[in-house]
Amino acid sequence: MKRIFIFIFSISILLQQGNAQINGQDGKLLAPTPPMGWMSWNFFADKINEKDLMEMADAMLSSGMAKAGYNYIFIDDGWQGGRDNKNNMIADPQKFPSGIKALSKYMHDRGLKLGIYSDAAQLTCAGYTASLGFEEQDAKTFASWDIDYLKYDYCHAHEDSNTAKIRYKAMADALRKTGRDIIFGICEWGERQPWKWAAQTGGQLWRTTHDVRDKWKKRPTESWGLGILDILDTNAGLNEYAGPGHWNDADMLIAGLYGKKGPSGDGGGTGCTDVEYQSQFSLWAMMNSPLYATNDLRSMNEATKHILLNEEIIALNQDPLGKQAERKINNDSINVFVKPLANGDVAVAVLNRSENPQSITINFSTLGLTEKYAIRDLWLHQKSASGNKWKGVVAPHETKVFRLIKQSK
Ligand code: GLA
């Protein structure tokens, strides 16, 4: 009787915990830090092929991105060629003549990993074959191709939360059953508050909003199309739900797209300035969002490299403590974020949301940071002040990021 009680008690505790973690086959946490890489969707849409993806992998290595921590190539929607006569999913033979297994070998040979995409319905968002009813078979196929990550979308599926939980759990269980560690990215766009249940169903991360577009903010005249600020304003309040092995996913980085091409150009995505791209990168890193670039890595300009390769900012995102920044000051002109780090340092980000430069003084003690610090500017890569305050000008839409190092150290 007592044992049954304890069993029921533990199950109910588990169910209440929004952030139950899934471990890999070796018992270690899957996705202990947010995944980093390059995702095909916003640049190519479904016009992908193995040659372009291999070139993107080569560029990830030659540009220094792999060294900076980006190690996934994520194939998004559009790779599918239907099912064979045994209902096994196959890749489009025109786009992937060598097959997906050969592509993952290409990645693994270079120290990279490969992600793939499917959907919890019969068809994906772009109308390709998806996995509903074939979860175990498809998970086995992905494992046999040595896939390392699955992004699982929710187009064409029933809207209610229960169905979503059941369908996501079915695929998460199927992935675990394969015996291969495949990270599971849930993508139902935050519609059913996945931060409350996605980790329990077996996801290591979950999108919190609809798709990012290449813009700063949705304009009052636009009925859809989220920009950087719109996503920030949803994702920032969800810090309590994130931690090692379970992350809020704020969607792709748009740095380097410049409004040129792909789905990010829909819904008013006319492009951003480098200052805005730099802000997105800073804020996504502070919020522990996965860092997925989606620009053409083969032809990045210096400004984009300067953003995506800032290793001091990346270190905040990959910090082992895994604490998503808390937005401590939130008004129409200024936002201030605070993120504790594993070694006792603290990261502070200051965003100017307004259209004018602002002279700002931050007294760190008002943020609960009462020590004396060496204040390192992570974009200038130098110490910019010491003590307990920072004073300076923040340009419109700019984000300053500081690492506060206790001076007694
Ligand atoms: C949805 C997702 C996007 C992308 C497309 C592919 O819109 O949110 O990130 O995967 O589907 O069709």
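We count ligands from 1, going down the list as the structure has it; atoms in each ligand are counted the same way. Position 1 is the first residue of the sequence; numbering continues from there.
Listed by chain and number, the residues in a ring-ring contact (aromatic ring centres under 6.0 Å, His included) with Trp216 are His397 (sequence neighbours excluded). Annotation: ring-ring contact (aromatic ring centres under 6.0 Å, His included) contacts of Trp79 (sequence neighbours excluded): Trp145. Partners of Lys305 according to the salt bridge (charged side-chain N to carboxylate O under 4.0 Å, His left out) rule, which considers only residues two or more places apart in sequence or in another chain, are Glu302.
The environment of Lys105 atom NZ is sparse: at most 12 non-hydrogen atoms of other residues, nucleotides or ligands sit within 6.0 angstrom.
Between Tyr149 and Leu205 the shortest side-chain heavy-atom distance falls below 4.5 Å.
Taking the six-membered ring for Trp, Tyr154 and Tyr168 have ring centres closer than 6.0 Å.
For ligand 1, the protein residues placed under 4.0 Å by at least one non-hydrogen atom are Trp41, Asp76, Asp77, Tyr117, Cys125, Ala126, Lys151, Asp153, Cys187, Trp189, Arg207, Asp211, Met252.
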